[in-house]
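A short worksheet on the structure shown next.
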Amino acid sequence: MENKEIARVLAETADLMEIAAEDSFRIRSYRNGASAVESNPDRIEDILRDPARKVTDIPGIGKGLAAVLEQIVATGSCDRRDQLLEKFPPTALEFLKIQGLGPKSIALIFEHFRISTIDQLETLCREQKLRELPRMGAKLEEKVLRSIAQYRVRSGRYLLSYAESMADELSAALLAVEGVEAVTPAGSLRRGRETVGDLDLLVTGPNATRALATFVKYPRVEEVLGHGENKASAKVGREGLQVDVRALPPESFGAAMQYFTGSKDHNVAIRTRAVRMGLKLSEYGLFRSSDDSLVAAATEESIYQALGLPWIPPELRENSGEIEAAAEGRLPELVELSQVRGDVHMHTTETDGRASLEEMAEAARQRGYEYVAITDHSKALAMANGLDETRAVAFARQIRERNREGSLGIRIFSGIECDILKDGAMDLSDDALAELDLVVGSVHSHMNLEAAEMTDRLLRALECPHLRILGHPTGRILLHRDPFPFDFERVAAEAARRGVWLEINASPERLDLHGALIRSAKAKGARFTISTDAHHPKHLANMRYGVTTARRGWLGPKDILNTLAAADFAAAIHAKS
DNA sequence: GCCGTTTTCGGCCCGACTGTTTTCAGTCG
């Protein structure tokens, strides 16, 4: 059992305990335990099996949770979770995803109405029954109905990072089959979409068909949906991600890759182009319409070439102008991960990060970066132990000192992620902000303002002379919270005018900005940074999702400030007009 | 339930908003 799954069981148990109104500190311990398990570099299952090692050596795991971990690894669940699932319906965990309902309200609804499904909850709201309960009213019913609608749209999709880890895991298992040469993910994962509906894996090799048999017997397959000669489908993992595995002959691999990578809109447009040229394109190859003779099939390059086009990077294949651009030879040069020279938004234990300044710097150095910016939270984020003026300035001095010593082996800029308050003012005084190398401004509160008010708020924030970067500009949390409404184009244009860069937040839960907005902002003259917002050294690896997202926004290295060398980046920070 | 002891219990535990209220519980970050 993988750490991520173990962590999920712990977190679910904590959720259920919360509905059952159990001791809040115990719940907190379960949550801490979940995050400790998830961020532990070694597999918990391996540690449990090794008599020489102890899980209790992991901070946050004591005797109690050690026993729980044993149980989870052995049975996939634990006693407390099982007991609570007898008391509450298994859908209780789904109810927690409905915004506006917390554990207390859910417990009350269960107790009073004896319902167990989201559909029943919807009915309650429509029939205006929720308001019978204390402290619940018409506004809440409306909010819950809106939230249920959003929930339905989201369920059935998965974060890019989750789909990628599943693809990696399955690829490794299938590559171990003799006679399998390559396993390649296609579909929206290959295009780098921020969420993925299902996973397509293309298998080649003399014995590719045998990979299908291995796949359907894979331990984490929950339900086999179909298993034929060339294709097998199954729901995999507790989350039930649908995975389609296809065995392909090498001679038509390129055509299949092209076909299964999509997007559907891109393919329709490409096939229309083929028809106009007297050709037809399918997953088996590109053929002459007149005599069905094969033109190209083995590689994607050969197919695009036969259609008079250069190869189009998968990130661009959304039929949003890429085919025209390719035909006219003006596809953009896209940024690559190796061109990123620094990560300029991250947190440390000074606020809510999980590693020290030294550990974050060292992790960044190991990734080959030239520089980092440490941007801990400001005081408005009290739960994160945000910095007030005094602490922010003192911490900046400490960072400068370490930087001067050169002992960390990497250049460090002192920064802050300063909250943008409800009225657009900065959370910290100008004097304090002036002490810092780099100010990222972010919205973390009051996200339900009217669009006009939110636009004014952001425009006012841009007036701050010290603001350099607008952090996660739309505030969305994928599959969880929609972007807050505001006039993006106006804000992007104003940011461009004032020389404030827009962040492409590489956290797989955010990917904010996303491709379409990036393109729109670039058209307004905006420039960008790609940053991970890391709260742990391992989060630095999320940079690749940010780069993929930037590529989906048609960005090249010149659009992105943290592809600059350290000295140039430093100059850019300080050369504010 | 974890942690850390001036070692076996006590601390952990913030702050603002919202909607429903007549003084505040619940949610959220």
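Residue numbers begin at 1 in each chain, while the letters A, B, ... track the order of the sequences.
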Quiz item: In residues 377-395 of chain A, what residues come within less than 4.0 Å of DNA chain B, judged by heavy atoms?
Solution: A:A382, A:M383

Quiz prompt | Residue A:H446, side-chain heavy atoms: nucleotide from B:dA16, B:dG1, B:dT20 that is nearest | solution = B:dA16

Quiz item: Whole-Å distance between B:dG19 P and A:L130 CG?
Solution: 15 Å

Quiz prompt | B:dT8 and B:dG1, which share atom name C1', separated by this distance in whole Å | solution = 15 Å

Quiz prompt | Set of residues satisfying ring-ring contact (aromatic ring centres under 6.0 Å, His included) with respect to A:Y162, sequence neighbours excluded | solution = A:Y158

Exercise. Could you give the distance separating B:dT27 and B:dT20 at their P atoms, to the nearest angstrom?
Key: 13 Å

Self-check item: Pairs touching residues 426-451 of chain A that satisfy ring-ring contact (aromatic ring centres under 6.0 Å, His included), sequence neighbours left out
Solution: A:H377-A:H444, A:H444-A:H472

Self-check item: Rounded distance in Å - CG (A:N448) to C1' (B:dA16)
Solution: 12 Å

Quiz item: Can you tell me how far C1' of B:dG29 sits from CG of A:D352, to the nearest Å?
Solution: 10 Å

Quiz item: Any ring-ring contact (aromatic ring centres under 6.0 Å, His included) pairs touching residues 73-104 of chain A, not counting sequence neighbours?
Solution: A:F95-A:F110

Quiz item: Yes or no on salt bridge (Lys or Arg N to Asp or Glu O under 4.0 Å) for A:R152 and A:E122, after CA distance, side-chain angles and deciding distance?
Solution: CA-CA 12 Å; A:R152 292 214 172 107; A:E122 186 181 26; 3.0 Å; yes

Quiz item: Starting at the 5' end of DNA chain B, which residue's closest nucleotide do you reach first, A:L133 or A:M17?
Solution: A:M17

Quiz item: In whole angstroms, how far is the P atom of B:dC17 from the CG atom of A:L449?
Solution: 11 Å

Exercise. Quote, to the nearest angstrom, the P distance that separates B:dC17 from B:dG11.
Key: 30 Å

Tabulate below the donor-acceptor pairs under 3.5 Å that side-chain atoms of residues 137-146 of chain A make, not counting sequence neighbours, or state none.
| from | atom 1 | to | atom 2 | distance (Å) |
| --- | --- | --- | --- | --- |
| A:E141 | OE1 | A:R131 | NE | 3.0 |
| A:E141 | OE1 | A:R131 | NH2 | 2.7 |
| A:E141 | OE2 | A:L130 | N | 3.1 |
| A:E141 | OE2 | A:R131 | N | 2.9 |
| A:E141 | OE2 | A:R131 | NE | 3.4 |

Quiz item: Taking the C1' atom of each, how far is B:dT18 from B:dT23, in whole Å?
Solution: 14 Å

Exercise. Just jot down the ring-ring contact (aromatic ring centres under 6.0 Å, His included) partners of A:Y151, sequence neighbours excluded, or say none.
Key: none

Practice problem: Tell me the partner of B:dT8, counting only Watson-Crick (N1-N3 plus N6-O4 or O6-N4) or G-U wobble (N1-O2 and O6-N3) with both under 3.5 Å; none if nothing fits. | Solution: none

Quiz prompt | Atom C1', compared across B:dC14 and B:dC9: separation rounded to whole Å | solution = 25 Å

Quiz item: Base, sugar-phosphate, or nothing for A:R80, non-hydrogen atoms under 4.0 angstrom?
Solution: sugar-phosphate

Self-check item: Whole-Å gap separating P (B:dG29) and CD (A:E18)
Solution: 13 Å

Self-check item: A:Y545: ring-ring contact (aromatic ring centres under 6.0 Å, His included) partners, not counting sequence neighbours
Solution: none

Quiz item: When the C1' atoms of B:dT22 and B:dC28 are considered, how many whole Å apart are they?
Solution: 24 Å

Exercise. Go through A:Y371 and A:Y369 one step at a time and tell me if the ring pair (Phe, Tyr, Trp, His ring centres under 6.0 Å) criterion holds.
Key: CA-CA 6 Å; A:Y371 54 93; A:Y369 288 144; 7.9 Å; no

Self-check item: Check: A:S531 and A:N505 side chains under 4.5 Å, non-hydrogen atoms
Solution: no

Self-check item: A:R457 side chain to A:I420 backbone, donor-acceptor under 3.5 Å
Solution: yes

Quiz item: Across the strands shown, which category fits A:A21 at heavy-atom distances under 4.0 angstrom: base, sugar-phosphate, nothing?
Solution: nothing

Quiz item: What is the distance from CZ of A:R146 to C1' of B:dT18, rounded to the nearest Å?
Solution: 13 Å

Quiz item: What does A:R31 touch in the nucleic acid at a heavy-atom separation under 4.0 angstrom: a base, only the sugar-phosphate, or nothing?
Solution: nothing

Self-check item: Phosphate OP1/OP2 of B:dG29 contacted by A:R481 side-chain N/O (<4.0 Å)
Solution: yes

Quiz item: Partners of A:S414 by side-chain hydrogen bond (donor to acceptor under 3.5 Å, both in side chains), sequence neighbours excluded?
Solution: A:D437

Practice problem: Could you note down all residue pairs passing side chain to side chain donor-acceptor pair (under 3.5 Å) where residues 381-396 of chain A supplies at least one of them, sequence neighbours left out? | Solution: A:K379-A:E389, A:N385-A:R391

Quiz item: Rounded to the Å, how far apart are A:L140 CG and B:dT21 P?
Solution: 11 Å

Self-check item: Partner set under side-chain hydrogen bond (donor to acceptor under 3.5 Å, both in side chains) for A:H535, not counting sequence neighbours
Solution: A:D352

Mind listing the N/O atom pairs, protein and nucleotides 24-27 of chain B, below 3.5 Å?
| from | atom 1 | to | atom 2 | distance (Å) |
| --- | --- | --- | --- | --- |
| B:dC24 | O2 | A:R135 | NH1 | 3.3 |
| B:dC24 | O2 | A:R135 | NH2 | 3.4 |
| B:dA25 | O4' | A:R135 | NE | 3.4 |
| B:dG26 | O3' | A:S105 | OG | 3.2 |
| B:dT27 | OP1 | A:G102 | N | 2.5 |
| B:dT27 | OP1 | A:G102 | O | 3.0 |
| B:dT27 | OP1 | A:S105 | N | 3.1 |
| B:dT27 | OP1 | A:S105 | OG | 2.5 |
| B:dT27 | OP2 | A:K104 | N | 3.3 |
| B:dT27 | O5' | A:G102 | N | 3.4 |

Exercise. Using the C1' atom on both, measure B:dT21 against B:dG26 and round to a whole Å.
Key: 13 Å

Between the protein and nucleotides 10-12 of chain B, which nitrogen or oxygen pairs come in under 3.5 angstrom?
none

Quiz item: More 5' along DNA chain B: A:M136 or A:I61, using each one's nearest nucleotide?
Solution: A:I61

Self-check item: Integer-rounded Å distance: B:dG29 P and A:E417 CD
Solution: 15 Å

